[in-house]
**Student:** 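The structure under discussion is supplied below as structure tokens; questions concerning it will follow.
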Protein chains: 2
Amino acid sequence: MKNNIYLNLYKDYAEQIDTGVLPPGSKLPSENELAATYQISRETVRKGLNLLAQNGYINKIKGKGSFVLDTGRLKFPISGLVSYKELSERLGKKSRTIVHATERVRAGNDIAKELRIEADQPIWKVIRSREIDGERIILDIDYLLAEVVPELTKEIAADSIYQYLEQELLLKISYAEKVICVERATDLDHQYMELKDDTHVVVVRGYVHLEDTTLFQYTESRHRLDKFQFVDFARRISVTET
Amino acid sequence: MKNNIYLNLYKDYAEQIDTGVLPPGSKLPSENELAATYQISRETVRKGLNLLAQNGYINKIKGKGSFVLDTGRLKFPISGLVSYKELSERLGKKSRTIVHATERVRAGNDIAKELRIEADQPIWKVIRSREIDGERIILDIDYLLAEVVPELTKEIAADSIYQYLEQELLLKISYAEKVICVERATDLDHQYMELKDDTHVVVVRGYVHLEDTTLFQYTESRHRLDKFQFVDFARRISVTET
DNA sequence: AAGTGGTCTAGACCACTTT
DNA sequence: AAGTGGTCTAGACCACTTA
């Protein structure tokens, strides 16, 4: 249990909104009220509320208050860096992970380039497909630096690699860049997904960094066109320059 | 000129990083230094730096300092709510907008549903294609509440609707939800884009809200598969529950 | 030990909405 | 006038890194 007051506030309200205890449109207590009831300072309350606002949970209106947004309609709060396990648990879908490979190999030229390392460096290669409602519609291929992740097993890959990295190896995952595009389906796609006669797949490339900016993981998440969906929540920063 | 110290700090450094004055890997002055030189408090410095960190400009490391990230390699800082004009200006690509229609109509059932209004309400419908490097690869269809936007012209649509809304109508655009998926190409797609023999297009649906949470704009941005790219920057919030 | 960023406080003033 | 969120301050303590 850490001493992170504003994060606790965030989690409390995020959960209440996720579970529907606080329905869309409800008004949160004012910042002064929250500060008083939680016995914390108002700036700390504001840190928590601002996190909620950034992640699409609430909207703050000057002079009025903070109100719960309608997050349920748009499911999939992917905006953020969330693991597949965390996501499927939140959605409660019937999903299954099939691990096809968990092997320690040496990086080829293409992967070395993506991970920005030299070729022949040892890496972990993990191939998994995700079955949702009985259909294999996602193929995830992960590459992790063996220098950072010395050990990896099929069991970990079947459960959650992120959980292992964070809770066992105590790695601090900091940020990721993702690039989404559409590409021709490969043989591997056909082998591990039920693609019917699709010629293309959506490819989400992920570059995951640690706190010290080390790039330690490159992921290709390949999705069947008709099942792919990505949801983003964005706030506008007014850029009225000069 | 507003009194927004931390936003000024953000813009200053964002520009310096965008233009390469501060190359990737450079170290920013420490928070205490910045507070001293700018004659502001450290918490205010931190607000500016945190904005930079959120938007992928810098990474902050405890005990070490703040460092510029490599934003150039992954261009397209789409993560955020940025208009097409702002984006193309930042990228400096040869692009052109062709306005096909700017008309005041009454909402049909489908659009009324997206905008969450009743059918037959007056709305503006704008159809534009975007030509990049000589090819028409994006089709944007916008629907705006006439109640919020009383007037709209072809000239505005050719330039920037956002600029008009914010600087002329003084509307406060607050946030947007975006949903990305792949769908079958329609006749309209073939009419206004150079689709060759593609059967599908990437569809980015955008729901844009004002400060008071009013949904006032629904946008369909339709992209040719081979030219579509979406880049996202995400920071991890550790969710080590219970 | 000195410097860094992370968290928190108690108070202040402002602009905006409501009564 | 009272209440709301937005900004800013000056100072405190902590955990972490570097020397």
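We name chains A, B, ... by the order of the sequence lines, and we start the count at 1 in each one.
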**Student:** Should we say atom CG of B/Asp110 is surrounded by more than 12 heavy atoms from elsewhere, each under 6.0 Å from it?
**Tutor:** yes
**Student:** What is the distance from CD of B/Glu31 to C1' of C/dC8, rounded to the nearest Å?
**Tutor:** 14 Å
**Student:** Please say whether more than 12 non-hydrogen atoms of neighbouring residues, nucleotides or ligands are located less than 6.0 Å from NZ in A/Lys113.
**Tutor:** no
**Student:** Output the rounded distance in Å from CZ (B/Arg46) to P (C/dT7).
**Tutor:** 7 Å
**Student:** Using the ring-ring contact (aromatic ring centres under 6.0 Å, His included) rule, pick out the option among A/Tyr218, A/Tyr175, A/Phe216 that qualifies with A/Tyr207.
**Tutor:** A/Tyr218
**Student:** Hey, does A/Leu49 reach any base, or is it just sugar-phosphate, or nothing, if we go heavy atoms under 4.0 Å?
**Tutor:** nothing
**Student:** Nearest whole Å is fine: how far is C/dC16 C1' from B/Asp212 CG?
**Tutor:** 13 Å
**Student:** Distance check needed: C/dT7 P versus A/Tyr38 OH, whole Å only.
**Tutor:** 18 Å
**Student:** Tell me, for nucleotides 11-19 of chain D in 5' to 3' order, what letter each nucleotide earns: B for a base near a protein heavy atom under 4.0 Å, S for only sugar-phosphate near one, - for neither?
**Tutor:** -B--BBSS-
**Student:** Side chains of residues 151-158 of chain B: which donor-acceptor partners sit under 3.5 Å, not counting sequence neighbours?
**Tutor:**
from	atom 1	to	atom 2	distance (Å)
B/Thr153	OG1	B/Glu155	N	3.4
B/Thr153	OG1	B/Ile156	N	3.2

**Student:** Select from A/Thr44 and B/Asn32 the residue whose nearest nucleotide in DNA chain C is closer to the 5' end of that strand.
**Tutor:** B/Asn32
**Student:** For B/Lys27 and for A/Ile40, locate the closest nucleotide of DNA chain C by heavy-atom distance; then report the residue assigned to the nucleotide nearer the 5' terminus.
**Tutor:** B/Lys27
**Student:** For B/Lys60 and C/dT4, give me the distance from atom NZ to atom P, rounded to whole Å.
**Tutor:** 13 Å
**Student:** Restricting to side chain to side chain donor-acceptor pair (under 3.5 Å), what partner residues turn up for B/Arg128, sequence neighbours left out?
**Tutor:** B/Asp142
**Student:** Taking atom C1' of D/dG6 as reference, at what distance in whole Å does atom CD1 of B/Ile5 sit?
**Tutor:** 12 Å
**Student:** Strictly below 4.0 Å: does A/Tyr6 bring a side-chain N or O up to OP1 or OP2 of C/dC8?
**Tutor:** no
**Student:** Just by modelled atom types, is the A/Tyr57 backbone N or O under 3.5 Å from a matching donor or acceptor in the A/Asn55 side chain?
**Tutor:** no
**Student:** Only stems of 3 or more consecutive Watson-Crick or G-U pairs count here, both distances under 3.5 Å; name the ones for DNA chain D, or none.
**Tutor:** C:1-16 with D:3-18
**Student:** Could you work out, with side chain to side chain contact (heavy atoms under 4.5 Å, CB included) as the rule, every residue matching A/Val105, not counting sequence neighbours?
**Tutor:** A/Glu103, A/Ile123, A/Lys125
**Student:** Rounded to the nearest Å, what distance is computed from the CG atom of residue A/Asn8 to the C1' atom of nucleotide C/dG6?
**Tutor:** 15 Å
**Student:** The side chain of B/Lys47 is closest to which nucleotide in this list: C/dG5, D/dG5, D/dC8?
**Tutor:** D/dC8
**Student:** Without decimals, in angstroms, what is the distance between B/Leu51 CG and D/dG6 P?
**Tutor:** 13 Å
**Student:** Do A/Gln54 and B/Gln54 have side-chain heavy atoms sitting under 4.5 Å apart?
**Tutor:** yes
**Student:** Under the salt bridge (Lys or Arg N to Asp or Glu O under 4.0 Å) test, which residues partner A/Lys47, sequence neighbours left out?
**Tutor:** none
